[in-house]
Amino acid sequence: MSRLVVISNRVADPRKPAAGGLAVALGEALNKTGGLWFGWSGTVTEDGAPGETELHMRQAGPVTLATVDLCREDHDTYYHGYSNSVLWPVFHYRLDLADFDASYIAGYRRVNQMFARKLMPLLRDDDIIWVHDYHLIPLAAELRAMGCKHRIGFFLHIPMPPPLIMAAIPQHEWLMRSLFAYDLVGLQSEADVAHFTHYVRNEGSAEELENKRVRAFGATVVVRAFPIGIDVDEFTRLTHASDAMDTFLGMRAEYSRRRLLLGIDRLDYSKGIPHRVRAFRELLDRYPENRDSATMIMIASPSRDDVHAYADLRQELEGLCGSVNGDYGELDWMPVRYIHRMVARRRVPGLCRAAAVGLVTPLRDGMNLVAKEFVVAQDPDDPGVLVLSRFAGAAEQLKEALLVNPYDTAGMASSIQQALQMPLAERKARHQQLMARIREHDVHWWRKTFLEALEKSQE
Ligand code: ADQ
């Protein structure tokens, strides 16, 4: 059996309780056969030279964790710069927020080269390599240039933009060409696959071959959608554990006279959080029966606070929440409760279960796992309703949610009203169908189908 080598920007210890389904799924796969997990340690050193760093090796059960530190310049250009100020905004269609500083690309290439250089001596002949996300697009090309002949797969956790948006990145052709050094490229949705195919047809004169193979730039790669899921059994267990149940009962007692609407996100401009507050305001304005009743709880955990666009977002959001509370609040009712913090993972299912409506309304999102977690946490005999943006990757699968356009404030307000008024029988029927699909395509299915496709990719 081949050994699995996972490479991602950050590395997690598979023996510790994982923060999310992804770490669980990868940890589980690595634990099975033993494996290697390689990436950045999370440490930034003030004295190192760009592209130079030491490798730290640590054993975690059967899994070897291999990490490198980044010097300040590499961190600022590769991580903050090219990854999070160019690729993240552009891949989420936010050209207005991209910072195309010419110095970033050198750092991005340098760190990918350094990763390849440090990884090469650790590889064994029978290894199968799985690279994750937008920080590491050129990694396979760098490994191939150093003679690596292994099977290498890549999974993109964020959306693939349409060709004309992609073309705004000065190095777009180099990035897309780099993907052809992989054997398998996995994307979240069929829409992402269509964007990829359009791009390579237009810019790389691609030929589409059988079995999802695409030939362009003188190479062939398999490109498929592998919609990522959550660990349903683990999340169900968390839902019934005492911390989640205490949270649920506490919230239910506190809000016994109210209907709760819930949003849980990282505070990121892709998540459409201000749009959600505007729709809630519209709901209170157009459907006054919700005043003194509906309460929106928004938990937005701090994220990349040192990038400008995030500070602006925080300010905008605080202003919007303040004005809704000022205009509509009563002495004993605050319409919006905004919490700029991370909630403990073990409490998340309790919060979800207490909510009548889950608001997952990104402007663009790879998948959005919160949408799936919200559904799994519900009581099947009295489930809440998921209001989901049509621009989340999850919308391709979760068709029984109420799909909304977050840019259409009035439309979103009327969908929230529909959710609040939905009869029990309809809520149960929708929930049942959503659950079946989420269970069928859970995170284990995702990992297994990706790795099987990678095994077969060179046949
Ligand atoms: P993210 O943008 O981080 O992930 P998402 O998939 O929605 O977003 O959430 C990841 C996890 O973080 C979930 O388990 C969620 O419960 C947790 N989380 C988010 N906000 C939280 C908060 N305030 N408090 C506590 N927990 C919180 C990226 C892509 C997504 C893609 C995933 C996986 O942007 O589109 O679905 O990777 O591929």
Side-chain angles (χ1 to χ4, degrees), residues 6 8-10 12 17-26 83-84 87-89 91-94 130-135 154-161 186-189 191-192 225-232 234-235 238-239 243-244 247 262-273 276 297-305 310 314 317 337-353 355 358-377 386 388-389 391-398 438 441-443 446-447 450:
V6 170
S8 54
N9 177 57
R10 294 297 298 272
L22 180 63
V24 172
L26 293 176
S83 298
N84 287 327
L87 298 179
W88 178 273
F91 280 39
H92 288 88
Y93 301 17
R94 292 301 300 270
W130 191 358
V131 179
H132 289 265
D133 230 359
Y134 59 103
H135 316 83
F154 176 77
F155 187 78
L156 184 66
H157 290 262
I158 64 174
M160 171 62 67
L187 303 170
Q188 298 269 27
S189 68
D192 294 325
F226 298 90
I228 193 168
I230 64 168
D231 188 337
V232 175
E234 170 63 11
F235 207 74
L238 267 187
T239 303
D243 281 329
T247 305
L262 177 71
I264 301 184
D265 313 78
R266 264 188 318 105
L267 185 58
D268 190 282
Y269 48 78
S270 65
K271 304 287 181 188
I273 307 173
R276 194 182 300 161
I297 297 190
M298 282 203 312
I299 299 167
S301 57
S303 166
R304 303 174 199 158
D305 278 347
Y310 291 80
R314 189 175 168 187
L317 194 57
R337 288 186 61 183
Y338 160 58
I339 298 162
H340 184 231
R341 263 198 314 274
M342 183 100 184
V343 226
R345 181 154 185 82
R346 55 184 199 282
R347 295 183 58 200
V348 169
L351 280 172
C352 292
R353 202 174 172 97
L359 295 168
V360 179
T361 58
L363 306 178
R364 195 73 190 106
D365 217 327
M367 175 57 62
N368 198 301
L369 298 177
V370 177
K372 298 186 175 186
E373 292 172 351
F374 178 82
V375 173
V376 172
L386 175 64
L388 176 65
S389 164
F391 303 121
E396 257 183 30
Q397 291 180 306
L398 306 185
I438 292 171
H441 294 112
D442 71 356
V443 75
W446 170 77
R447 186 242 308 153
F450 185 95

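The first residue in the sequence is number 1, and the count goes up from there. Values below: every heavy atom of this structure, side chains too, minus hydrogens, waters and symmetry copies. Every number for a ligand or one of its atoms is a count from 1 in the order of the listing.
- A ring-centre distance under 6.0 Å is found for Tyr269 and Tyr310.
- A perpendicular orientation is assigned to the rings of His157 and Phe155, their planes being inclined by more than 60° (bins at 30° and 60°).
- Tyr338 and Ala300 get closest at one heavy-atom pair: CE1-CB, 4.1 Å.
- Proximity of Asp265 to ligand 1, defined as any heavy-atom pair under 4.0 Å, is confined to the backbone N, CA, C and O atoms.
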Inset, instruction - Show your reasoning for whether side-chain contact (heavy atoms from CB on, under 4.5 Å) applies to Val443 and Val232. - result: CA-CA 8 Å; Val443 75; Val232 175; over 6 Å; no
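- Listed by number with element, the atoms of ligand 1 under 4.0 Å from a non-hydrogen atom of Gln188 are 31 (C), 38 (O).
- Taking every heavy atom of Val343 and a limit of under 4.0 angstrom, the matching atoms of ligand 1 come to 24 (N), 25 (C).
- Taking any N or O of Leu369, backbone or side chain, at least one lies under 3.5 Å from an N or O belonging to ligand 1.
- Of the listed residues (Arg266, Met367, Lys271), the one carrying the non-hydrogen atom nearest atom 8 (O) of ligand 1 is Lys271.
- Between Asp265 and Arg276, at least one side-chain nitrogen of the basic residue sits less than 4.0 Å from a carboxylate oxygen of the acidic one, meeting the salt-bridge criterion.
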Inset, instruction - Show your reasoning for whether side-chain contact (heavy atoms from CB on, under 4.5 Å) applies to Asn84 and Tyr134. - result: CA-CA 9 Å; Asn84 287 327; Tyr134 59 103; 2.8 Å; yes
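- The six-membered or imidazole ring of Phe154 lies away from that of Trp130, with a centre-to-centre distance of 6.0 Å or more.
- A heavy-atom separation below 4.0 Å is found between Trp88 and ligand 1.
- No salt bridge links Glu234 with Arg345; every basic N to acidic carboxylate O contact stays at or beyond 4.0 Å.
- At a 3.5 angstrom cut-off on N or O pairs, Ile264 does not count as close to ligand 1.
- Residue Ile228 has at least one heavy-atom neighbour below 4.0 Å for each of these atoms of ligand 1: 38 (O).
- Here atom 38 (O) of ligand 1 lies nearest to His157 when heavy atoms of Arg341, His92, His157 are compared.
- By heavy-atom distance, the residue among Val370, Asp365, Ile339 lying nearest atom 35 (O) of ligand 1 is Asp365.
- For ligand 1, the atoms lying closer than 4.0 Å to a non-hydrogen atom of Glu373 are 13 (C), 14 (O), 15 (C), 16 (O).
- Of the inter-residue distances, the one linking Ile339 atom CD1 with Met298 atom CE reads 9.5 Å to the nearest 0.5 angstrom.
- Every atom of ligand 1 is numbered from 1 in the order shown, and the set under 4.0 Å from a heavy atom of Gly366 is 35 (O).
- Under 4.0 Å from ligand 1, heavy atoms of Asn368 appear from its side chain as well as its backbone.
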